[in-house]
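Naming: A, B, ... by sequence-line order, numbering from 1 per chain.
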2 protein chains.
Amino acid sequence: MENKVENNSCPFTTTIALIGGRWKSIILFLLSDHTRCFGEIAARMPSISRKVLSEQLKELEADGLIHREKFKEIPPRVEYSLTDLGQSLRPILKDLAIWGQKMVLDTVK
Amino acid sequence: MENKVENNSCPFTTTIALIGGRWKSIILFLLSDHTRCFGEIAARMPSISRKVLSEQLKELEADGLIHREKFKEIPPRVEYSLTDLGQSLRPILKDLAIWGQKMVLDTVK
DNA sequence: TCCATTAGTCACATTTAGGTTACCACTATT
DNA sequence: AATAGTGGTAACCTAAATGTGACTAATGGA
């Protein structure tokens, strides 16, 4: 949150800094109607490495978009979910997905 | 358009490939209610280099989001505008901007 | 003659994002 | 004593994105 937002006042730069990149929008979308643990997210995103997934989750948490809850169990379990701020992105994520879906369909035709 | 869309079927990957990155959403937004020439865009985006601006415009054109029209004048003039596909992004761009704007305001407070 | 102007390009350097592989802690189960 | 299962981390590497500064063509005007 801190650095990414404060040093600029362009709303696009701000938004893209928080949800841009190859993976963040997908992660947020996966969490948009379920709390999920690390392994579940990884299973639904076969092409992201665990390292990068871990990094992205950390950034999303630092930016206040997702919440991380670690349970003291063996084997360990960690649940990720959207914060209120993250929830506020849901309509935008949906529109991005719809737009992309149309592109895919039009291209195939 | 071609490569970026065809090799995957994830709508987020598609959309982010076309409008992600630090500059593309800003460029599209600047064109969303005006046709503008290269220098005008550059003037409104002081922190992008001319080289990168030129590259981004080429990609946006190749992806079918913007239209480029070169006039045979001296000094040369080139006008950029949104295509219909580009226009279809306007509501999304607006929402991204509004969301980012809120972030900036909340952070300053 | 020389400068200004527009819309770039070229060669090069640097920064950032993302990827690969191996490894760890902790406990239950076999 | 070895293995499985979860959620990671560390060291290292590559490719993509972005930046810098110099340069160009073509012509009108001082």
Please report the end-to-end axis angle for the helix from C:dT1-D:dA30 to C:dT30-D:dA1, five pairs per end, rounded to 10 degrees. 30°
Do [X] and [Y] come close enough that some side-chain heavy atom pair is under 4.5 Å?
| X | Y | value |
| --- | --- | --- |
| B:Ile27 | B:Met45 | yes |
| B:Val78 | B:Leu57 | no |
| B:Lys24 | B:Leu18 | no |
| A:Leu96 | B:Ile19 | yes |
| B:Glu40 | B:Leu30 | no |
| A:Ile26 | B:Cys10 | yes |

[X] to [Y] - nearest heavy-atom pair and separation:
| X | Y | result |
| --- | --- | --- |
| A:Leu85 | B:Trp99 | CD1-CZ2, 3.9 Å |
| B:Ile16 | A:Ser25 | CG1-OG, 3.8 Å |
| A:Ser88 | A:Pro91 | O-CD, 3.7 Å |
| B:Leu82 | B:Leu31 | CG-O, 3.6 Å |
| B:Pro11 | A:Gln101 | CB-N, 3.6 Å |
| B:Phe12 | A:Ala97 | CZ-CB, 3.7 Å |

With A:Glu61, which residues qualify under salt bridge (Lys or Arg N to Asp or Glu O under 4.0 Å), at least two apart? none
Counting only heavy atoms not in A:Phe38 (residues, nucleotides, ligands), do more than 12 fall under 6.0 Å from its CZ? yes
For DNA chain C, note the earliest and the latest nucleotide, 5' to 3', having some atom under 4.0 Å of a heavy atom belonging to chain B. C:dT5 to C:dA11
Using a 4.0 Å cut-off on heavy atoms, which residues in residues 70-77 of chain A reach DNA chain D? List them by number, or say none. A:Pro75, A:Pro76, A:Arg77
Kindly state which residues belonging to residues 46-57 of chain B come within less than 4.0 angstrom of DNA chain D, counting heavy atoms of the residue only, listed by number. B:Ser47, B:Ser49, B:Lys51, B:Val52, B:Glu55, B:Gln56
So the contacted stretch of DNA chain D, first to last nucleotide with an atom under 4.0 Å from a non-hydrogen atom of chain B, runs from D:dT18 to D:dT27
Toward the 5' end of DNA chain C, which comes first, A:Gly20 or B:Glu40, by nearest nucleotide? B:Glu40
Name the residue from B:Thr35, B:Asp84, B:Leu60, B:Thr83 that meets the side-chain contact (heavy atoms from CB on, under 4.5 Å) definition with B:His67. B:Thr83
